[in-house]
Amino acid sequence: MLDIELIRRRPDQVRAALASRGEESALEPILALDARRRDAIHQGDELRARRNQVSQEIGRSRERSPELIAEMRQVGDRIKALEDEVKGVEEELSKALLTLPNLPRADVPIGLDASANIVRRTWGQPRAYDFQPKAHWDLNDALGIIDFQRGARMSGARFVVLRGQGARLQRALITWMLDVHTQEHGYIEIYPPALVKSETLVGSSNLPKFADNLYHDAEDDLWLVPTAEVNLTAMHAGEILEPGSLPIKYAAYTPCFRKEKTAAGRDTRGIKRVHQFDKVEMYAFVEPERSDEELQKIVADAEDLLQRLGLHYRVLQLCTGDMGFPSARSYDLEVWSPGCQEWLEVSSCSNCTDFQARRAGIRFRREARSRPELVHTLNGSGLALPRIMIAILETFQQSGGSVVIPDCLRPYTGFEAIKPVEQ
RNA sequence: GGAGGGGUGGCCGAGCGGACUAUGGCGCCUGUCUUGAAAACAGGUAACACCUCAGACGUGUUCAUGGGUUCGAAUCCCAUCCCCUCCGCCA
């Protein structure tokens, strides 16, 4: 959520910043609601002040005054009406404010779509093959570690079953990533619920705007999380963090659930885009002046994993129009998939500045005495599993159809290669 | 799911229609004392909104949440949520 005070004081600046990410939002209705709200609050406060004063007089005096009591009854009705007015206006105002995305940082490249993204660096080289590398679904024909048919049978399209070494590889990746983040990168491990309340999703800004991508249980009004970012934002919702408690860094593994309605028809083969996938997420709460620096650290932590795996990847800085709704600056990590012949997004790292903090009410104090200030929040995938599996399978495939497991994972998988099953 | 009990400031805990402007204690901050610290003593200790150049002054709101009764609600009534105890069920 944007600061209403900023919108009120510098509407042109806000309008321009929103336009730079392709958002043509009219601010006039918001400004009008803001004015109505303040006016109604002001009137109500004055009436309440009078009522408080008179009620005290009534309490102090011996005999009741029917005239005063009658007058106060009317004042009470007027107050009630103003309260309803404030409530209604605030509802409309917050509805409007909740649909505005974050403002990009001033030095983010301008552009309306992915074509304006900038490749900041590339690591490694594509491997050389003396055969035609296969896509992971073709490799799987011999490996038998991904069962598309049975996934569809029990759950429908875009659900898969992992089997044997495939299931073990996935579990190994999760454990390994969490171990590296907690033991070497300074994150505290969190295991959160996969079901959350509506207000939790409003805090992270998945609601109200992106409800159609979420699974929802109407009976209990609980939602399946699309990413652990949702949970980690909520960890300190409504809190005022003590001086000295920042930075706070969490890493969490969760399954992630997404309807992918908008992507219907795209990426239908393989496990690139599925309704349920696993992901380890990094998250940080920091002082505002430190957030851009912290974003570089999160990107570096994600890159560290890719380098240890030996995967060829590139770092993209997203342009204004391609960034996610809550982000003020984002970097995507894309890994090369030699079978599919494309770059796969395996991580997205963002500085959300005070945008989620304002929605979720996450503040901190610099000193014991000082006023609470909003923290800055950052998130980054570290990493998204199905696409890392794709990259590992396709990158380390051998001419005979087996896949060699990267050294760093072997203590976790307990095997050095996945071999075609005997037919 | 059933039956009871309970949710008050950073924490503990009193208050159960009008001086609550929320007692007291702990914690925290400042000061005195001290070479420094501790102890002792004194003072101060919330958030949010409106107003404002301002974190000043002022006003309002907040005693789980939302309604209601009343001139006036932490206090009375209703609903909801959460926590605890016992029973049932269960991995």
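In summary, the side chains of A:Gln356 and A:Thr377 do present a donor paired with an acceptor at a separation below 3.5 Å, with no hydrogens or angles considered. If you check the side chains of A:Glu294 and A:Asn351, you find no donor sitting under 3.5 Å from an acceptor. Using modelled atom types, one finds a donor on one side chain and an acceptor on the other under 3.5 Å when comparing A:Ser330 with A:Ser350.
Spacing between atom CD of A:Glu85 and atom C1' of B:A49 amounts to 16 Å, rounded to whole angstrom units. Distance A:Arg9 CZ to B:U52 C1': 9 Å, rounded to the nearest Å. Whole-Å rounding puts the A:Leu82 CG to B:U59 C1' distance at 15 Å. Between the CE atom of A:Met1 and the P atom of B:C48 there is a distance of 14 Å, given to the nearest Å. If you take CD1 of A:Ile240 and C1' of B:C28, they are 14 Å apart, rounded to a whole angstrom. Put simply, CG on A:Leu241 is 14 Å from P on B:G10, counting in whole angstrom units. Look at CD on A:Glu367: it is 14 Å from C1' on B:U30, rounded to the nearest Å.
By the 6.0 Å and 45° rule, A:Lys249 does not stack over the aromatic ring of A:Tyr283.
Sorted by first then second residue, the side chain to side chain donor-acceptor pair (under 3.5 Å) pairs that include residues 184-194 of chain A, not counting sequence neighbours, are A:His181-A:His185, A:Glu184-A:Arg308, A:His185-A:Asp304, A:Tyr187-A:Asp301. Note on residues 45-56 of chain A: pairs passing salt bridge (Lys or Arg N to Asp or Glu O under 4.0 Å), not counting sequence neighbours, are A:Asp45-A:Arg48, A:Arg48-A:Glu83, A:Arg50-A:Glu71.
For RNA chain B, the residues of residues 34-43 of chain A within the heavy-atom distance limit of 4.0 Å (strictly under) are A:Arg37, A:Arg38, A:Ile41, A:His42, sorted by number. Taken residue by residue, residues 216-225 of chain A places no heavy atom nearer than 4.0 Å to RNA chain B.
Scored by the side-chain hydrogen bond (donor to acceptor under 3.5 Å, both in side chains) test, A:Arg163 finds no partners at all (sequence neighbours excluded). Checked against salt bridge (Lys or Arg N to Asp or Glu O under 4.0 Å), A:Glu281 has the following partners two or more places apart in sequence or in another chain: A:Lys279. The salt bridge (Lys or Arg N to Asp or Glu O under 4.0 Å) check on A:Glu394 picks up nothing, with sequence neighbours excluded. Evaluation of the ring pair (Phe, Tyr, Trp, His ring centres under 6.0 Å) rule for A:Trp137 yields no partner, not counting sequence neighbours. A:Asp220 pairs by the side-chain hydrogen bond (donor to acceptor under 3.5 Å, both in side chains) definition with nothing, not counting sequence neighbours. Residues that satisfy the ring pair (Phe, Tyr, Trp, His ring centres under 6.0 Å) test with A:Phe159, not counting sequence neighbours, are A:His275.
Spacing between B:G67 and B:U62 at atom P, rounded to whole Å, works out to 11 Å. On the P atoms, B:A3 is 25 Å away from B:U8, given to the nearest whole Å. Here, B:A46 and B:A56 have their P atoms 11 Å apart, quoted to the whole Å. As rounded to the nearest Å, B:A79 and B:G18 have P atoms that lie 25 Å from one another. The gap from the P atom of B:A38 to that of B:U30 amounts to 11 Å, rounded to the nearest Å. B:U45 and B:G58 are spaced 13 Å apart, taking the P atom of each and rounding to whole Å. Straight-line distance between the C1' atoms of B:C63 and B:C53: roughly 35 Å, to the nearest whole Å. Nucleotides B:C81 and B:U65 are separated by 16 Å at their P atoms, to the nearest Å.
Residues A:Glu373 and A:Arg363 are not paired through a salt bridge, judged by the lack of any N-O separation under 4.0 Å between the basic side chain and the carboxylate. A:Arg21 and A:Asp322 are not joined by a salt bridge, as no carboxylate oxygen comes within less than 4.0 angstrom of a charged side-chain nitrogen.
Heavy-atom nearest nucleotides on RNA chain B were determined for A:Arg8 and for A:Ala368, and the one closer to the 5' end corresponds to A:Ala368.
Within 6.0 Å of the NZ atom in A:Lys419, the count of heavy atoms belonging to other residues, nucleotides or ligands does not exceed 12.
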Output one letter per nucleotide in nucleotides 60-83 of chain B: B when a protein non-hydrogen atom lies under 4.0 Å from the base, S when only the sugar-phosphate is that close, - when neither is. SS-----SS--BS-----------
Dot-bracket for RNA chain B, please, read 5' to 3', with Watson-Crick or G-U wobble pairs under 3.5 Å on both distances, ( ) within the strand, [ ] crossing, | other strand, . unpaired. ((((((((.[[[..)..(.....]]]((((((.......))))))(((((.......))))).[[[[[..)....]]]]])))))))....
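Here A:Arg363 reaches the OP1 or OP2 of B:C48: one of its side-chain N or O atoms lies under 4.0 Å away.
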